[in-house]
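Note sheet for the following structure.
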4 protein chains.
Amino acid sequence: MSTATQQDKYNAILQAAIEIISEKGLHSTSISDIVKRAGVAQGTFYLYFRSKNALIPAIAQNLISITMDKIKENTQQHADFWEFLTTYIHQIYSITDEYKDVIVLCYSGLAIDHSMEIWESIYQPYYQWFQDELKQAIAQGEVISGTNVQWTSKMIINLVENAAERFYIGRDQDMTKEQSMTEVFHFLKRSMTNS
Amino acid sequence: MSTATQQDKYNAILQAAIEIISEKGLHSTSISDIVKRAGVAQGTFYLYFRSKNALIPAIAQNLISITMDKIKENTQQHADFWEFLTTYIHQIYSITDEYKDVIVLCYSGLAIDHSMEIWESIYQPYYQWFQDELKQAIAQGEVISGTNVQWTSKMIINLVENAAERFYIGRDQDMTKEQSMTEVFHFLKRSMTNS
Amino acid sequence: MSTATQQDKYNAILQAAIEIISEKGLHSTSISDIVKRAGVAQGTFYLYFRSKNALIPAIAQNLISITMDKIKENTQQHADFWEFLTTYIHQIYSITDEYKDVIVLCYSGLAIDHSMEIWESIYQPYYQWFQDELKQAIAQGEVISGTNVQWTSKMIINLVENAAERFYIGRDQDMTKEQSMTEVFHFLKRSMTNS
Amino acid sequence: MSTATQQDKYNAILQAAIEIISEKGLHSTSISDIVKRAGVAQGTFYLYFRSKNALIPAIAQNLISITMDKIKENTQQHADFWEFLTTYIHQIYSITDEYKDVIVLCYSGLAIDHSMEIWESIYQPYYQWFQDELKQAIAQGEVISGTNVQWTSKMIINLVENAAERFYIGRDQDMTKEQSMTEVFHFLKRSMTNS
DNA sequence: CATGAATGAGTGTTCATTCAT
DNA sequence: TATGAATGAACACTCATTCAT
């Protein structure tokens with residue numbers, strides 16, 4: 001029962017691309033490199049991706065999917081919003097550490113392609129999910145009312161990601177990971193509660 | 001006595017590079033394009049830049065210099081930290097709008113040569129300057145004491161830049177520029193004061 | 001009983017090929033383009049043609065068939081050879097106008113496979129037919145005796161085709177179509193009669 | 001004294017191209033083949049020709065130049081128009097024999113490029129030269145007056161070339177070369193004189 | 001007969017970089 | 001310093017052809 005479906009080939013190419021581009025960068029990675037590792041023929045690449053650049057949005061999408069899956073899985077049970085936020089921060093730091101190369105390639109790749117706006121559209125369901133959590137927290141009285149849920153969600157997500165990226169990618173490690181995460185947590189909590 | 005000094009040629013090449021790369025992206029811009037617009041010979045490029053990639057840090061450096069000049073100039077006079085912060089936010093939004101293409105090209109250059117650390121070093125004096133302002137605010141009692149000046153400065157700078165980039169580059173324009181800036185301001189102020 | 005016979009598919013592919021190659025040229029036309037327009041699968045092409053190059057002789061054959069059908073149909077009734085020749089010239093000009101793209105593609109196929117001899121063999125029945133007309137004219141005393149029928153037939157056919165091609169393909173339109181045809185006619189008639 | 005001028009490289013590339021494309025055809029000849037034989041680098045080709053297709057008009061131009069040089073040189077001295085025409089026909093047969101491959105590649109190449117009209121423009125000075133000879137012959141009373149000099153010149157040139165091409169390229173050699181040339185001569189003479 | 005996914009060899013073209021002047 | 005002709009390595013992408021179903 002040979003079951004090499006189309007989905008398999010798509011994934012093989014995508015994973016190979018992620019691995020190699022993460023290592024060598026987009027510019028230095030050739031299609032030839034990718035297909036060799038994916039175990040398919042040169043032409044097969046173009047059955048699944050319109051061009052080399054078309055890889056980037058696919059990689060970004062993939063990253064976000066993984067991120068959401070991991071976070072959702074780990075934040076399912078939480079006593080209150082602050083426990084949720086703590087777990088969320090931990091997860092983001094952990095994911096950033098694991099996928100730092102992919103994150104960098106998404107930033108640079110989407111910029112190369114002049115398609116930075118795509119980030120926003122890919123993030124949409126992620127933003128949405130966070131908004132729901134935040135709304136609930138407001139309803140519970142854990143977060144001050146009057147908060148602009150939409151804007152604040154994006155702000156928090158970006159702030160946490162930025163802190164993690166500065167720590168793991170920018171190698172700005174004056175403090176420990178724990179200290180960094182604590183600063184993030186308190187900075188956010190102060191802003192969202194009446195002390 | 002019109003004498004084309006070395007500095008002139010360096011700047012001519014750098015400016016030409018910024019213009020063309022902003023338009024067409026790094027990948028699609030050739031040295032040939034750049035020298036043509038700069039009005040120098042092909043080989044002259046290599047008298048001033050070691051390689052094509054060496055342009056990116058120079059462009060980034062240039063952007064930071066312009067940013068710091070503009071901001072310093074406009075924030076010289078301020079009654080208190082919050083007036084300073086307001087002006088700062090305005091300036092960042094304005095600069096982001098004007099230089100969005102250059103910012104994008106800096107992102108796209110991120111991954112080249114794994115130059116992420118260079119990025120942080122270029123930001124260093126910028127961070128330093130902000131830290132000084134923040135220290136002063138704490139000394140004045142405008143900002144809660146106990147704040148980690150170093151971490152918080154970076155956080156603020158990144159948060160403001162991110163909000164502006166989401167607005168102008170990610171084209172996330174659900175709210176007006178003014179509303180967006182106001183949200184940023186209050187989010188930060190809440191976090192840095194005892195209500 | 002609508003049954004797509006083999007002949008149908010052969011013709012569908014051939015017609016599609018003629019259309020697209022006429023538009024885009026042989027080199028820029030892919031088998032993929034052809035089968036898409038013909039409404040058959042990629043592999044089906046190879047059930048009817050050995051290769052892409054095998055299309056050219058088939059297209060040429062097709063053009064000659066059409067030409068002969070049209071000319072025969074229109075020259076059936078003629079008082080004498082000169083009326084016949086006049087009609088013939090008209091028909092060639094008209095066909096050249098209608099099929100100029102196909103003619104060009106036949107030229108472009110000339111060099112492929114050094115297939116020049118194939119060309120002559122395709123023309124054979126055409127030459128033969130014209131020879132019969134010419135023989136008859138000589139028998140009738142309309143054309144001077146002593147004429148080399150074989151050589152002269154080819155000469156005339158080529159001369160008329162060339163004049164038409166210069167007019168429609170070379171766009172050498174200093175004179176009107178009518179003037180051009182009249183020159184051809186008189187040039188030939190002078191040569192074939194004692195004044 | 002190394003004197004490799006630009007003209008030299010242009011010619012080296014052009015000659016190499018003519019040789020190889022004549023042998024293998026345009027499609028089967030790669031730029032790599034050409035530059036290797038020309039003894040220049042890959043990139044150098046593009047300093048002299050915009051593209052592979054740009055070779056064809058250059059080759060055609062070259063062929064016409066050679067043709068005119070040879071013919072002019074050999075027809076300088078002639079007692080009358082008919083001696084001139086005889087020599088002309090001989091020359092065309094001889095040139096066609098020598099350059100048959102180049103002729104084929106010009107036909108097919110220009111057709112591939114959809115630039116058949118270029119033929120006409122390249123032929124212009126050739127036509128002009130023949131017209132002058134023909135005018136003189138009419139002035140001398142050797143050729144019937146009332147002849148359309150422009151049209152007839154083109155006709156004669158094409159007729160002679162066609163006969164030669166049928167003989168050497170189409171390999172239509174039922175008769176000897178001499179017979180073929182004699183037929184051409186008499187066919188033309190009959191048409192241009194009152195018998 | 002028909003299909004269309006898969007193949008992988010093949011190539012025109014670009015362009016960063018060098019170097020003799 | 002400055003030039004710009006020359007280099008040649010590198011690569012994305014195409015497409016004729018095959019073959020398992």
Side-chain angles (χ1 to χ4, degrees), chain A residues 2 4-6 9 26-36 39-55, chain B residues 3-6 8-10 13 26-36 38-55, chain C residues 3-6 8-10 13 26-36 38-55, chain D residues 2 4-6 9 26-36 39-55:
Chain A
S2 110
T5 68
Q6 292 190 213
K9 297 218 173 188
L26 182 64
H27 181 73
S28 305
T29 301
S30 66
I31 301 296
S32 169
D33 292 334
I34 295 171
V35 295
K36 235 170 266 164
V40 298
Q42 188 85 357
T44 304
F45 177 89
Y46 291 90
L47 294 177
Y48 295 94
F49 296 92
R50 199 171 30 270
S51 70
K52 189 185 182 183
N53 283 343
L55 279 169
Chain B
T3 48
T5 69
Q6 290 185 221
D8 285 342
K9 296 219 171 184
Y10 177 89
I13 293 169
L26 181 64
H27 182 74
S28 306
T29 300
S30 65
I31 303 295
S32 167
D33 291 334
I34 295 171
V35 295
K36 235 170 264 163
V40 300
Q42 190 86 354
T44 303
F45 178 89
Y46 290 88
L47 296 176
Y48 295 94
F49 295 91
R50 193 166 43 266
S51 72
K52 188 185 180 183
N53 286 345
L55 279 170
Chain C
T3 49
T5 70
Q6 290 186 222
D8 286 343
K9 295 219 172 184
Y10 178 89
I13 293 170
L26 182 64
H27 182 72
S28 305
T29 300
S30 64
I31 303 295
S32 168
D33 291 333
I34 295 170
V35 295
K36 235 170 263 162
V40 301
Q42 190 86 354
T44 304
F45 178 90
Y46 290 87
L47 297 175
Y48 295 95
F49 294 91
R50 192 167 44 267
S51 72
K52 188 184 180 184
N53 286 345
L55 278 170
Chain D
S2 106
T5 67
Q6 292 190 213
K9 297 217 174 189
L26 182 64
H27 181 74
S28 304
T29 300
S30 66
I31 301 296
S32 169
D33 292 333
I34 295 171
V35 295
K36 236 171 264 165
V40 300
Q42 189 87 356
T44 304
F45 178 89
Y46 291 89
L47 294 178
Y48 294 95
F49 295 92
R50 197 171 32 269
S51 72
K52 189 185 183 183
N53 282 343
L55 279 170

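A quick note: this is a predicted structure, and the numbers were derived from the prediction, not measured. Order of the sequence lines sets the chain letters (A, B, ...), proteins ahead of strands, with each chain counted from 1.
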Taking C-beta and beyond as the side chain, do [X] and [Y] meet within less than 4.5 Å on heavy atoms?
| X | Y | answer |
| --- | --- | --- |
| A/Lys52 | A/Leu26 | yes |
| B/Ile34 | B/Thr29 | yes |
| D/Phe45 | D/Leu55 | yes |
| B/Tyr48 | B/Val40 | no |

About how many Å separate CD1 of C/Ile13 and CG of C/Leu47, when rounded to the nearest 0.5 Å?
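One gets 8.0 Å once the value is rounded to the nearest 0.5 Å.
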Once you round it to whole Å, what is the distance between [atom2] of [N] and [atom1] of [X]?
| X | N | atom1 | atom2 | answer |
| --- | --- | --- | --- | --- |
| B/Lys36 | E/dC15 | NZ | P | 10 Å |
| D/Tyr46 | E/dT13 | OH | P | 4 Å |
| B/Phe49 | F/dA2 | CZ | P | 13 Å |
| B/Ile31 | F/dT3 | CD1 | P | 15 Å |
| A/Leu55 | F/dC13 | CG | P | 10 Å |
| C/His27 | E/dT11 | NE2 | P | 11 Å |
| B/Ile34 | E/dT17 | CD1 | P | 11 Å |
| C/Asp8 | E/dA2 | CG | P | 10 Å |

Any stems for DNA chain E, made of 3 or more Watson-Crick or G-U pairs in a row, each with both distances under 3.5 Å?
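Only these stems qualify: E:2-21 with F:2-21.
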Output yes when at least one side-chain N/O atom of [X] is less than 4.0 Å from OP1 or OP2 of [N], else no.
| X | N | answer |
| --- | --- | --- |
| C/Lys9 | E/dA2 | yes |
| B/Thr44 | F/dT3 | yes |
| C/Tyr48 | E/dA2 | yes |

Residue [X], side-chain atoms from C-beta onward, closest of [options]:
| X | options | value |
| --- | --- | --- |
| B/Ser30 | F/dT3, E/dC15, E/dA2 | E/dC15 |
| A/Ser51 | F/dA5, E/dT13, F/dC13 | F/dC13 |
| A/Lys52 | E/dG8, F/dG4, F/dC13 | F/dC13 |

List for me each residue that meets side-chain hydrogen bond (donor to acceptor under 3.5 Å, both in side chains) alongside A/Ser28, sequence neighbours excluded, and say none if there are none.
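None.
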Would you classify B/Ser28 as touching base, sugar-phosphate or nothing, given that sugar-phosphate means primed atoms plus P, OP1 and OP2, and contacts are heavy atoms under 4.0 Å?
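Since no nucleic acid heavy atom lies under 4.0 Å of B/Ser28, the category is nothing.
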Regarding D/Leu47, tell me which of base, sugar-phosphate or nothing describes its non-hydrogen contacts under 4.0 Å with the strands shown.
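Base contact - D/Leu47 has a heavy atom under 4.0 Å of at least one base atom.
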Position toward the 5' end of DNA chain F (nearest nucleotide), C/Arg50 or B/Ala41:
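Its nucleotide being nearer the 5' end, the pick is B/Ala41.
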Is any side-chain N or O of D/Gln42 under 3.5 Å from a base N or O of F/dT7, one able to act as donor and the other as acceptor?
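Not at all, since no donor on one side and acceptor on the other fall under 3.5 Å apart.
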Where each residue is assigned the nucleotide of DNA chain E containing its nearest heavy atom, which of B/Thr29 and D/Ser32 is assigned the position nearer the 5′ end?
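Its nucleotide being nearer the 5' end, the pick is D/Ser32.
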How do B/Leu26 and D/Phe45 order along DNA chain E: which one's closest nucleotide is nearer the 5' end?
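Its nucleotide being nearer the 5' end, the pick is D/Phe45.
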What heavy-atom pair brings A/Ala41 and A/Val35 nearest, and what distance separates the two atoms?
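Looks like O-CG1, 3.7 Å.
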Between B/Phe49 and B/Tyr10, how do the two ring planes meet: parallel, tilted or perpendicular, split at 30° and 60°?
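It falls in the parallel class, under 30°.
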